[in-house]
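Please read the structure below before turning to the comments.
Residues: numbered from 1 along the sequence shown.
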Amino acid sequence: MKKNTRRILKYLVEFLIVVFGVFLGVYASDVQREKRMKKEKEKSIQYITEELSDNKERLEYSIKYHQAIRVEIDSIGKSLKQKDFFKDYIGNERFKHNTIKGWQGIQLANLENTAFEAAKISGIIKEYDIEFIRSISKIYHYQKE
């Protein structure tokens, strides 16, 4: 009887050691995953912030350019008739866009949303607070408009 008790006690101790080892391994893996997730979240926020900053610069440049061109177009527009404004852009004989002072083409802002889309596709976005996601999404929506 004593021999069986010792054997059961031995197996119980070995079982507890294995269970503790598995628990420790799972815990360490979870802590490591959390660190990696935090790092990815910070990197994603950094990329989105840089992208929004770059988009802001592009938009400001485009606005400044269009404001300068508007003055030139307004002065040319006084000599044109209403029907001349609705003619095709290229090949218009009355309105020659390439003779406008400072003309460099249409110069659209060409805004990016790659960092935001990457955060959505990778699933990292679900780790953020819903209000934060809503704010970022609203900014990108306004940029698109």
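For the pair Glu51 (side chain) and Ala115 (backbone), a donor-acceptor distance under 3.5 Å is present. Put simply, the side chain of Ser62 gets close to the backbone of Gln107: a donor and an acceptor are under 3.5 Å apart.
Under a hydrophobic clustering in which Ile, Leu, Val, Met, Phe, Trp and Tyr are joined whenever their side-chain heavy atoms come within less than 4.5 Å, directly or via other members, Tyr128 and Ile136 fall into the same cluster. One hydrophobic cluster holds both Ile133 and Leu52 under the rule that ILVMFWY side chains link at heavy-atom gaps under 4.5 Å.
Here the straight-line distance linking atom CG of Asp54 with atom CG of Leu59 works out to 11.0 Å at 0.5 Å rounding. Atom CG of residue Asn113 and atom CD1 of residue Ile139 lie 13.0 Å apart, to the nearest 0.5 angstrom. Here CD of Glu50 is found 11.0 Å from CD1 of Ile48. Values are rounded to the nearest 0.5 Å. Atom OH of Tyr142 is separated from atom OG of Ser137 by 10.5 Å, given to the nearest 0.5 angstrom. A distance of 10.0 Å separates NE2 of His66 from OH of Tyr61, quoted to the nearest 0.5 Å. Distance check, rounded to the nearest 0.5 Å: OG of Ser44 to NZ of Lys39 gives 15.0 Å.
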Check: How far apart are the C-alpha atoms of Asp30 and Arg33, what are their side-chain angles, what is the distance that settles it, and do they pass the side chain to side chain contact (heavy atoms under 4.5 Å, CB included) test?
Finding: CA-CA 5 Å; Asp30 204 33; Arg33 187 185 67 76; 3.6 Å; yes
Next item on the list: Might you work through the side chain to side chain contact (heavy atoms under 4.5 Å, CB included) test for Phe132 and Ile45, ending with a clear yes or no?
Entry: CA-CA 10 Å; Phe132 181 71; Ile45 289 172; 4.0 Å; yes
Next item on the list: Please assess Leu16 against Tyr11 for the test side chain to side chain contact (heavy atoms under 4.5 Å, CB included), listing each intermediate value before the final yes or no.
Entry: CA-CA 9 Å; Leu16 289 175; Tyr11 289 134; over 6 Å; no
Margin query: Could you go through Glu42 and Gln46, starting from their C-alpha distance and side-chain angles, then the distance that decides it, and tell me whether this counts as side chain to side chain contact (heavy atoms under 4.5 Å, CB included)?
Written below: CA-CA 6 Å; Glu42 289 172 0; Gln46 178 186 354; over 6 Å; no
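With sequence neighbours excluded, the residues that form a side-chain hydrogen bond (donor to acceptor under 3.5 Å, both in side chains) with Glu117 are Lys120.
Shown here is Tyr47, whose OH atom has no more than 12 heavy atoms of other residues, nucleotides or ligands within 6.0 Å.
The shortest side-chain heavy-atom distance between Tyr27 and Val22 does not fall under the 4.5 Å cut-off. Contact annotation: the side chain of Phe116 approaches that of Ile125 to within less than 4.5 Å [non-hydrogen atoms, C-beta and beyond]. Under the 4.5 Å side-chain criterion, counting only non-hydrogen atoms from C-beta, Lys43 is in contact with Glu40.
Between Arg58 and Glu112, at least one side-chain N (NZ, or NE/NH1/NH2) sits under 4.0 Å from a carboxylate O, which counts as a salt bridge.
A donor atom on one side chain and an acceptor atom on the other are found under 3.5 Å apart for Gln143 and Asn55.
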